[in-house]
Every structure is written in C-alpha cells, then in structure tokens.
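One structure below.
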Amino acid sequence: MDIVSENKAHGGRQLVVKHASSATGTDMTFSIFLPPQAEQGTALPVVWYLSGLTCTHANVTDKGEYRAACAEHGLIFVAPDTSPRGDDVPDAEGYDFGQGAGFYVDATEEPWARNFRMWSYVTDELPALVAAEFPADMARQGITGHSMGGHGALTVALRNPDRFRSVSAFAPIVAPGQVPWGRKALAGYLGDDEARWRKNDPIALIEDGARVDELLVDVGTADQFLEQELRPELLERACSDAGIALTLRRQPGYDHSYYFISTFMADHLRWHAERLR
C-alpha cells in the first residue's frame with residue numbers, strides 16, 4: 001500500500017492510496033479521509049462512496065465537499081475508483097462501458113472477466129484493507145453513491161443488509177435491467193441471460209425479497225438522465241410494495257452534476273452519522 005498524497009483538511013487527513021489488487025489484477029487507487037477523531041485512536045464508523053460513470057476517486061475527493069461534515073461527525077470516508085485501469089485492461093468505445101464504467105459487478109464474459117471484478121473489490125478486498133490499515137469500526141458502516149455508484153450502493157446494501165446500518169444515494173440508476181445504460185453494461189459484463197442480471201439490479205433484488213430498513217435518495221428535477229436512465233418512480237413503487245421506508249427527495253432545479261451532490265452531501269452524512277452512532 002502506497003500513500004500517493006496526504007493533505008491536512010478540517011483537522012483531519014485526506015489520503016490518496018494506491019495498492020495492488022488481487023480482485024482486479026491491477027493497481028487500484030482510492031481516497032480516504034480520516035477525521036481528527038482518528039488521532040485519538042478510537043475506531044470510527046465508515047461511509048463508503050461509490051462514484052458514477054467516467055469518474056475516479058478524484059471526482060468526489062475534489063468536488064464532493066464532504067470533509068467538514070465528516071470531521072464534525074467523526075466519519076471515515078472512503079471513495080474507490082469505478083473500474084480497473086491500465087494499458088493491459090480491456091476497454092471499449094464510449095463512456096458507459098469499459099474503463100470508468102465497471103458497474104460494481106463481477107464480469108463473467110470475456111474479455112472483461114479477468115479484470116472487471118468490482119463487486120469483489122468493493123465488498124471484500126477494499127474493506128479488508130481499510131479494516132487492517134486504518135482505525136475503522138467495521139461494525140458501523142454506511143454506504144452511498146452517485147448514479148452508477150448509487151446503483152452500486154443500493155445493490156451492495158440490499159445483498160449485505162447485516163453489514164450496513166445506513167444506505168443513501170444521489171440520482172441512482174435504480175433499475176439497470178430496464179434502462180439503456182444498465183442493459184448495455186449488464187449484457188456486456190454478464191451475458192444475455194437476464195435472469196443472471198437480477199442480483200445486480202436493486203429493483204429486481206427488492207422484488208426477489210431483499211430488504212433494508214430505510215433509504216435516503218435525492219434526485220434533481222432538472223437531471224437530464226432522470227426519465228430515461230434513473231427512473232426513481234420505480235424505486236418508489238418497489239419500496240412501497242416491500243414496506244421499505246424510502247425518503248425520496250426531488251430537489252427542484254438540480255441536475256446530475258457535483259454541484260447537486262455537494263449541495264446535499266452534508267445532509268446525507270448527517271443522516272448516516274445518526275444511524276452509525
């Protein structure tokens with residue numbers, strides 16, 4: 001594990017870390033903010049943030065405006081990359097598949113299966129590394145994400161309900177099996193058998209019996225992807241049918257960008273902190 005950079009912020013430390021990943025067979029980079037409470041030696045709760053299409057760890061690290069809230073509430077904030085990267089890693093034309101678009105699944109189709117194992121990376125390998133190297137209380141974990149990463153956060157939490165005390169999302173792709181971005185990714189990584197997609201689709205997981213206690217989701221009414229790719233009304237309906245307490249906030253005039261995310265980031269972290277105490 002190599003510390004690529006370290007900066008003091010809000011009394012804590014913002015690190016960017018690089019390490020060799022056995023899950024992806026590549027080097028992977030993630031960012032981690034350690035609030036000032038970490039200096040006291042106390043194990044602190046962890047909030048995982050999964051980024052969207054085209055992003056790396058750097059997008060939320062530079063634009064997410066989470067450090068003040070994490071310092072206030074004593075939260076460790078971890079942001080992994082969205083895919084393996086490198087000259088030897090397969091890629092595709094377009095921004096919505098290949099490098100930068102791992103969709104948090106373990107690919108089974110060639111040539112993707114060798115490296116694109118983002119599910120194993122974010123659910124097994126990276127948590128083990130964080131637990132071993134940092135003062136993280138792994139009994140108190142929350143997860144959130146944006147767009148493709150919102151899909152990832154919902155899916156990871158629904159499949160691991162005993163691991164996460166809190167789950168939220170910004171403009172998530174809630175039904176990848178029903179929208180263009182998701183269908184392209186799931187078919188490419190997992191093959192054409194749509195039954196195999198269901199465990200990587202939040203709506204399908206809820207329909208098949210997966211449950212969490214509650215969800216917080218924000219979407220912007222001016223989001224250019226709202227009607228075709230995000231479809232929050234499907235999550236609203238599924239949660240209503242399943243008895244999941246969903247707080248879905250449609251924020252007037254906000255789009256899909258980090259201007260939107262940064263506006264409501266502190267609100268989400270406060271919500272997580274209340275459930276991670």
Got a donor-acceptor contact below 3.5 angstrom from the [X] side chain to the [Y] backbone?
{"X": "Arg140", "Y": "Val46", "answer": "no"}
{"X": "Arg183", "Y": "Gly177", "answer": "yes"}
{"X": "Arg250", "Y": "Thr221", "answer": "no"}
{"X": "Ser51", "Y": "His57", "answer": "no"}
{"X": "Thr82", "Y": "Cys55", "answer": "yes"}
{"X": "Thr263", "Y": "Tyr259", "answer": "yes"}
{"X": "Gln99", "Y": "Val89", "answer": "yes"}
{"X": "Gln37", "Y": "Leu44", "answer": "no"}
{"X": "Arg275", "Y": "Trp271", "answer": "yes"}
{"X": "Tyr49", "Y": "Pro80", "answer": "no"}

For residues [X] and [Y], is any side-chain donor paired with an opposing acceptor at under 3.5 Å?
{"X": "Glu125", "Y": "Ser22", "value": "yes"}
{"X": "Asp218", "Y": "His268", "value": "yes"}
{"X": "Arg67", "Y": "Gln14", "value": "yes"}
{"X": "Asp223", "Y": "His256", "value": "yes"}
{"X": "Ser166", "Y": "His272", "value": "yes"}
{"X": "Arg196", "Y": "Thr108", "value": "yes"}

(request) Spell out, yes or no, whether Trp119 and Trp197 are grouped together once hydrophobic residues are joined by side-chain heavy atoms under 4.5 Å, including indirect joins. (result)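 Yes; tracing contacts between hydrophobic side chains, which count when under 4.5 Å, links both residues.
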Restricting to non-hydrogen atoms, name the atom on [X] and the atom on [Y] that form the minimum distance, rounded to 0.1 Å.
{"X": "Thr56", "Y": "Asp81", "value": "CA-OD1, 3.3 Å"}
{"X": "Met118", "Y": "Pro84", "value": "SD-CD, 3.9 Å"}
{"X": "Lys199", "Y": "Thr155", "value": "O-CG2, 3.5 Å"}

(request) Answer yes or no: is there an ion pair linking Arg270 with Glu72, defined by an N-O contact shorter than 4.0 Å? (result) no
(request) Taking only Lys NZ, Arg NE, NH1 and NH2, and the carboxylate oxygens of Asp or Glu, determine whether Arg249 and Asp267 approach each other closer than 4.0 Å. (result) yes
(message) Below 30° counts as parallel, above 60° as perpendicular, anything between as tilted: where do the rings of Tyr104 and His151 land?
(response) tilted
(request) If the plane angle is over 60° it's perpendicular, under 30° parallel, otherwise tilted; pick one for Tyr258 and His146. (result) perpendicular
(message) Are Phe264 and Tyr254, when compared by the centres of their aromatic rings, separated by less than 6.0 Å?
(response)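 Under 6.0 Å, so yes.
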(message) Taking the six-membered ring for Trp, are Phe103 and Phe97 closer than 6.0 Å centroid to centroid?
(response)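 Not under 6.0 Å, so no.
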(message) Looking at Asp192, I want to see if its CG is surrounded by more than 12 non-hydrogen atoms of other residues, nucleotides or ligands under 6.0 Å.
(response) no
(message) Do Arg163 and Thr123 make a side-chain contact, defined as non-hydrogen atoms from C-beta onward lying under 4.5 Å apart?
(response)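 They are in contact (side-chain heavy atoms under 4.5 Å apart), so the answer is yes.
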